[in-house]
Amino acid sequence: MPAALAALGTAGCLWLAGCASDAPTSRGEVRGQDFNAAELLQSEGNRFAQSAMVANQRSLLTLADKLYRRNPAEWRKTAATREAALAQVEAAMQTGQPWAPLQGRRDVGALSHALTPDFHGDRVAAFVLACADTIVTAHGGKREFYYLDGVDPQHIYNAARNMEVALWVLNTRRTAQGQPLLLANEIVGENRNLSFEREFGKIIGRLDLLAAYTTERYRRAVIGYVQGLLAAPLLAFLPVK
């Protein structure tokens, strides 16, 4: 037992040494999520999908905050403060509860409704929650993933394209008075505010990466199975007498 513990300790030290990095951290440090016992029921693919889901929801909340700052009239429709409105959006996003002004519409139907000029509710909340619901629907309606759970890479890919369309509509569609539905990206002279574009780009990039990873994972599983069949005759034991 002492020898086994010593070996384990040595392996741990070597692992930590291998993880050490001398890269500069002046602009931030990469961090993983804290360990959770539920991870024992998750494959590598499950963790990848769930981490991307968490990151995308975080990006959508960041977008909601930015949109509320540029469009304060929207949060005033549902809350006394911007922070209270953000808390409502986060709670609805985490639980998946329907957003009443969307009138029961979900995913892309909700997204289309939130971006119509005659929508009169809190457009920021409706838009962000419709984006979140579109992404969750593309993941099979799941926010957490365990063994036997899988995602359809084409659905994930389609969700990425839907985010591109949503961003384009947000930037181009106008009200009957010719005003933007929501103030977002801004380029005025030397002043450029493209933070909305960048945050959406992160979401689209994560979705595309997950779609590509899932496709490759399935492809490699098939190739591995075929390789196993081809190699089986070579791995058979030979008689020794």
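Residue numbers start at 1 and run along the sequence shown. Being a predicted model, the structure only gives us computed values, none of them experimental.
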Please check if atom NE2 in H113 has more than 12 non-hydrogen atoms from other residues, nucleotides or ligands closer than 6.0 Å.
yes
Do L67 and L183 sit in one hydrophobic cluster, given that two such residues count as connected whenever their side-chain heavy atoms are within less than 4.5 Å of each other, even indirectly?
no
For the side chain to side chain donor-acceptor pair (under 3.5 Å) test, which of R206, R198, K202 pairs with S59?
R206
Between A64 and V124, which heavy-atom pair has the shortest distance, and what is it?
O-CG1, 3.8 Å
Is there side-chain contact between N162 and V108, with heavy atoms separated by less than 4.5 Å?
yes
Please examine the side chains of D65 and R69, heavy atoms only from C-beta on, and report whether any two atoms are closer than 4.5 Å.
yes
Has the side chain of N71 got a donor or acceptor atom that lies under 3.5 Å from a matching backbone atom of A73?
no
Just wondering, do I135 and M163 contact through their side chains at under 4.5 Å, heavy atoms?
yes
Just how far is it from atom CG of N158 to atom OG1 of T137, taken to the nearest 0.5 Å?
12.5 Å
Determine yes or no for a side-chain-to-main-chain donor-acceptor pair under 3.5 angstrom, with R123 supplying the side chain and T116 the backbone.
yes
Given E197 and L167, is the side-chain contact (heavy atoms from CB on, under 4.5 Å) satisfied, shown in steps?
CA-CA 8 Å; E197 197 92 19; L167 177 60; 3.4 Å; yes
Grab the two heavy atoms, one from A138 and one from I156, that are nearest each other, plus how far apart they are.
O-CD1, 3.5 Å
Atom CD in Q88, atom CD in Q97: separation rounded to 0.5 Å?
9.5 Å
If every non-hydrogen atom of V151 is compared with every non-hydrogen atom of P153, which pair is closest and at what distance?
O-CD, 3.4 Å
Do you know which two heavy atoms are closest between L111 and C131, and how far apart they sit?
CD1-SG, 3.8 Å
Can you classify the ring geometry of F145 versus H139 as parallel (below 30°), tilted (30 to 60°) or perpendicular (above 60°)?
tilted
Hydrophobic cluster membership, with links at side-chain heavy-atom distances under 4.5 Å among I/L/V/M/F/W/Y: are L60 and V165 in one?
yes
Give, for atom OG1 of T95 and atom CZ of R143, the distance between the pair rounded to the nearest 0.5 Å.
7.0 Å
Quick one, R161 and D208 - any side-chain contact, counting heavy atoms below 4.5 Å?
yes
Restricting to non-hydrogen atoms, name the atom on R173 and the atom on P117 that form the minimum distance, rounded to 0.1 Å.
CD-CD, 4.2 Å
Do V136 and M93 come close enough that some side-chain heavy atom pair is under 4.5 Å?
no
Point-to-point distance, once rounded to the nearest 0.5 Å, from CZ of F200 to OG1 of T62:
12.0 Å
Value rounded to 0.5 Å, distance of CZ in F119 from CG in L102:
5.5 Å
For the residue pair K77 and H120, establish whether any side-chain heavy-atom pair is separated by less than 4.5 Å.
no
Between CG of L207 and CG of N56, what distance do you get to the nearest 0.5 Å?
5.0 Å
With a 4.5 Å cut-off on side-chain heavy-atom distances among I, L, V, M, F, W and Y, is there a chain of contacts connecting L209 to Y157?
no
Under 3.5 Å donor-acceptor, D122 side chain and A125 backbone:
yes
State plainly whether the residues D133 and R106 are in salt-bridge range, i.e. N to O under 4.0 Å.
yes
Heavy-atom distance under 4.5 Å between the side chains of R82 and P72, does that happen here?
no
For N171 versus A184, what's the shortest heavy-atom pair and its separation?
OD1-CB, 4.4 Å
Sub-4.5 Å side-chain heavy-atom contact between L181 and F127:
no
